Number of protein chains: 2
Amino acid sequence: MARAATTTDAFNAIAEPRRRAILDLLVGGELAVGELVELLELGQPQVSKHLRVLREVALVEVRAEGRERFYRVNGPALKPIHDWVMRYERAWSDRFEALDVVLEDLKQKEDGDGASNEQGDGEGDDPER
Amino acid sequence: MARAATTTDAFNAIAEPRRRAILDLLVGGELAVGELVELLELGQPQVSKHLRVLREVALVEVRAEGRERFYRVNGPALKPIHDWVMRYERAWSDRFEALDVVLEDLKQKEDGDGASNEQGDGEGDDPER
DNA sequence: TTAACGTATGCCCATATCGGCATATACTGT
DNA sequence: ACAGTATATGCCGATATGGGCATACGTTAA
């Protein structure tokens, strides 16, 4: 097997920087392909191909008007990514780090009559070693 | 050119489902390679390779202990993804949609002294709190 | 109808991938 | 030193990629 297709899911689709660039332009409102071509520095066929990928994973939607096609972002398709990445928020947010400290404190006071020295390790679960 | 290297950035690294699976396991606390191999259904060399990719984009960090290597998540490396995806939150969040309605209202009242009755979409209740 | 415009598709190719397997490297215990 | 464990690396093959270019398709204007 090779790498998963870019059209597999939103994760694969947005791995390509130019596709993110397209979404970044589209977030301001819908644009026709030609406008995208001008804004990005890329050939029209390439832009069309990227748009196809984005369409296939539902990250964008199209509206035809005459011979032009206006593309717009379809936000909800990004939610899976949002949800996934949010599971890691505590890993970078100072807010959560502070919260962890507080929780740790409370826990110790609750548990700890005996208060045997605990290393600040994982939280709730009990990882072996 | 072909597709960008998986080690280009976090976006490319997490496009691979198994790498996300590894991170998902690691988020509970550090694990040795062997433990990952057991949990994932994948050969040890493959796991090591995925870990290498994750290491190269700083999504994980290693700690050697004897012949074992304990891997753990390095959250901040995910922040770029978080930041990027958050720019689109209004595109799926009801909360933001509601906010948009309010802002639209305010704008109309500001602009229009004359109170031109545009879309008088009845304010409607806002069950969302 | 014909020409021009806007967009999509097809073909080529160099490239990086991912899994499987064999093997190298590193550390530990006897 | 030697065997055994834990992990990393190298090579292979099948595959999909993304840009460049030509061209097909669909719509509008002359």
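Nothing here was measured: the structure is a model prediction, and the numbers come from that model. As a basis for the values below, the full set of heavy atoms in this structure was taken, side chains included, without hydrogen atoms, waters or symmetry mates. Letters go in sequence order (proteins before strands), and every chain restarts at 1.
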What distance separates B:L59 CG from B:H50 NE2, expressed to the nearest 0.5 Å? 13.5 Å

Do A:N74 and B:Y88 pair up side chain to side chain, a donor and an acceptor below 3.5 Å, judged on atom types alone? no

Axis-to-axis angle between the two ends of the helix from C:dT1-D:dA30 to C:dT30-D:dA1 (five base pairs per end, rounded to 10 degrees): 10°

Sequence neighbours excluded and cut-off under 3.5 Å, please list the side-chain donor-acceptor pairs for residues 39-48 of chain B, or say none.
residue, atom, partner, partner atom, Å
B:Q44, NE2, B:S48, OG, 3.1

Salt-bridge criterion met for A:R63 and A:E61 (N-O under 4.0 Å): no

Kindly indicate whether the side chain of A:L31, heavy atoms from C-beta on, has any atom under 4.5 Å from the side chain of A:E68. no

Give the first and the last nucleotide of DNA chain C, reading 5' to 3', that has any atom under 4.0 Å from a heavy atom of chain A. C:dA4 to C:dC18

Under 4.0 angstrom, heavy atoms only, what part of the nucleic acid is A:A4 near: base, sugar-phosphate, or nothing? nothing

Return yes when atom CD of B:E56 has more than 12 non-hydrogen atoms of other residues, nucleotides or ligands closer than 6.0 Å, and no otherwise. yes

In residues 6-17 of chain B, which ones come under 4.0 Å of DNA chain D, going by heavy atoms? none

Contacts to DNA chain C from residues 58-74 of chain A, heavy-atom cutoff under 4.0 Å, which residues? A:R67, A:E68, A:R69, A:Y71

Numerically ordered, the residues 35-55 of chain A set in heavy-atom contact under 4.0 Å with DNA chain C is A:Q44, A:P45, A:S48, A:K49, A:R52

So is B:R20 actually on top of A:F11's ring, under 6.0 Å and inside 45° of the axis? yes

